[in-house]
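Chain identifiers are assigned alphabetically (A, B, ...) following the order of the sequence lines, protein sequences preceding nucleic acid strands; residue numbering begins at 1 within each chain.
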Amino acid sequence: MIGLVDCNNFYVSCERVFNPRLEGEAVGVMSNNDGCVVARSQEIKSLGVAMGMPAHQIDPHIRRKCTLLSSNYALYGDMSSRVTDVLSQHTPHVDVYSIDESFLSFEGFEADTLEERCQVMRQQVRRDTGIPVSVGLSTSKTLAKIANHRAKKESMFNGVAMMDPNSNDTRAFLEQLPVNEIWGVAGRSAARLHTLGIENAWQLRTASPKHLRRHFSVVMERLVYELRGENCISLDDMSQPKKQIMVSRSFGRLTTDKTDLREALRAHASRAGEKLRRQNGLAQALMVFVHTNRFRQDLPSYSKRLVIPLPHPTDDSRELIKSAMAGLERVFKKDIWYQKCGIMLMDLCDHDNEQLGLLAEPISDEKRARNEKLMATLDKLNREHGKNTVRLGMPRKQNAWELRCEHRTPRYTTRWEELAVAKT
DNA sequence: TGGGCGTGT
DNA sequence: ACACGCC
């Protein structure tokens, strides 16, 4: 049996833990730069604020009834690991799927004890972290996802729903479930399924896998088996090292200033280096890109990307920065209003069995050890004393790439200076 | 009017 | 490179 634990309205729930006054209010959390609404309380959903809606498009009448917060990823990330910690106490197999979702394997557990166990687990998460979660149980991940939706929507389940893949009840539910509500099926695929006469999940489940493979791909074929209750989506991939690492941000305001781009790319390359070292990898190439705001039709549009092979595989932030700066020289154009820039590390390989290129410059073991120690120290300081305690080069004040986040709450759990204060 | 991945063709 | 998906 597989369980899917999903936190309810996760970012909003995190905010409510530290500000209980938000309970019962219409609350939304916005994406970076206060762009779109990416998390919504039940109350704000009822007001008609859609997922992903640009914040500035919300009707002013509605807007006045809402609390819209900037995202506080330091807080959400920390709360997420607290939730995961509790889950790990209830089964040895937890696959963290996203910041607010985990798949749990209950292999070897008695099936008829699971609903009860999950209730206990759910209540412990609530008690220990303050976060409400729902649990879906079934024999495949796709069905566990569907069960999770039911657990959220139908109050009779009390937050834990188990779906027997072969029950009449399941059949009835799948018959009224539109295909686009299935995990892995969105607008385009749903439209193409419709042309084949497949409108609901039951029709998809009873369709011919071979037929679907012809019209789509193995992904859709697997989905048919998943809907039948056969677990065929592997999630070990989740913990696999990344094949690319990307860091990019929109600017807080548009800029034509090369120094802004230089500083932003330096920060992005450093962050990418951190991620790379954490997965014990080396990069063999780096891509730099810049572009303008495609929504601004009054300004010239410009977009450029450039792949730069690295002289040898590296995880050293200083070398990544050096290549990124060289790239910037080649993609930068004067008098362009840039909206975003970023870098992507590519052709990643494992640190421990590095392939030396034919033309690689040999580096002495001594020098290499020193570089590694420097990076390790940098990472340790930033880990233990907070992000950006030590950085490579200092950005100017009031730079254009600083994120807009006018409504961010304190980082209660990850910054000493921002701890919650109990008033007497 | 976000950011960061993945798979498949 | 592109299409499409997830969260």
Next on the checklist: Would you say A:Lys275 places a side-chain N or O within less than 4.0 Å of OP1 or OP2 belonging to B:dC5?
Outcome noted: yes
Checklist outcome for this item: Rounded to whole Å, CG of A:Asp6 lies from C1' of C:dC6 at a distance of 12 Å
Next on the checklist: What is the separation between atom NE2 on A:His291 and atom C1' on B:dG2, rounded to the nearest whole Å?
Outcome noted: 11 Å
Checklist entry - According to a strict under-4.0 Å criterion, is A:Ser189 in side-chain N/O contact with OP1 or OP2 of C:dG5? => result yes
Next on the checklist: In whole Å, measure the gap between the P atoms of C:dC7 and B:dT1 for me.
Outcome noted: 24 Å
Checklist entry - Over how many whole Å does the gap from A:Lys145 atom NZ to C:dC7 atom C1' extend? => result 8 Å
Checklist entry - Does A:Thr409 offer a backbone N or O that forms a donor-acceptor pair with the side chain of A:Asn72 under 3.5 Å? => result yes
Item to check | Phosphate OP1/OP2 of B:dT7 contacted by A:Lys243 side-chain N/O (<4.0 Å) | outcome: yes
Checklist outcome for this item: Paired with A:His90, the side-chain contact (heavy atoms from CB on, under 4.5 Å) test is passed by just one of A:Arg117, A:Arg122, A:Gln124, namely A:Gln124
Next on the checklist: Which residue in the set A:Val49, A:Ile44, A:Asp34 passes side-chain contact (heavy atoms from CB on, under 4.5 Å) when paired with A:Leu68?
Outcome noted: A:Ile44
Checklist entry - So does A:Arg249 get a side-chain nitrogen or oxygen closer than 4.0 Å to the phosphate oxygens (OP1/OP2) of B:dG4? => result yes
Checklist entry - If you measure from the Lys or Arg side-chain nitrogens to the Asp or Glu carboxylate oxygens, is any gap between A:Glu101 and A:Lys145 under 4.0 Å? => result yes
Item to check | Below 4.0 Å: OP1/OP2 of B:dT1 and any side-chain N or O of A:Arg404 | outcome: yes
Checklist outcome for this item: Side-chain contact check for A:Ser217: nearest option of B:dG8, C:dC6, B:dG2 is B:dG8
Checklist entry - With respect to the phosphate group of B:dG3, does any side-chain polar atom (N or O) of A:Ser250 fall under 4.0 Å of OP1 or OP2? => result yes
Checklist entry - For DNA chain B, whose closest nucleotide is more 5', that of A:Val218 or that of A:Ser248? => result A:Ser248
Checklist entry - Between A:Asn371 and A:Arg318, do the side chains contain an N or O donor and an N or O acceptor separated by less than 3.5 Å? => result yes
Checklist entry - Between B:dG2, B:dT7, C:dC7, which one does the side chain of A:Val219 approach most closely? => result B:dT7
Item to check | A:Arg222 side-chain N/O to B:dG8 phosphate OP1/OP2 under 4.0 Å | outcome: yes
Next on the checklist: Rounding to an integer number of Å, can you tell me how far A:Lys242 NZ sits from B:dG4 P?
Outcome noted: 12 Å
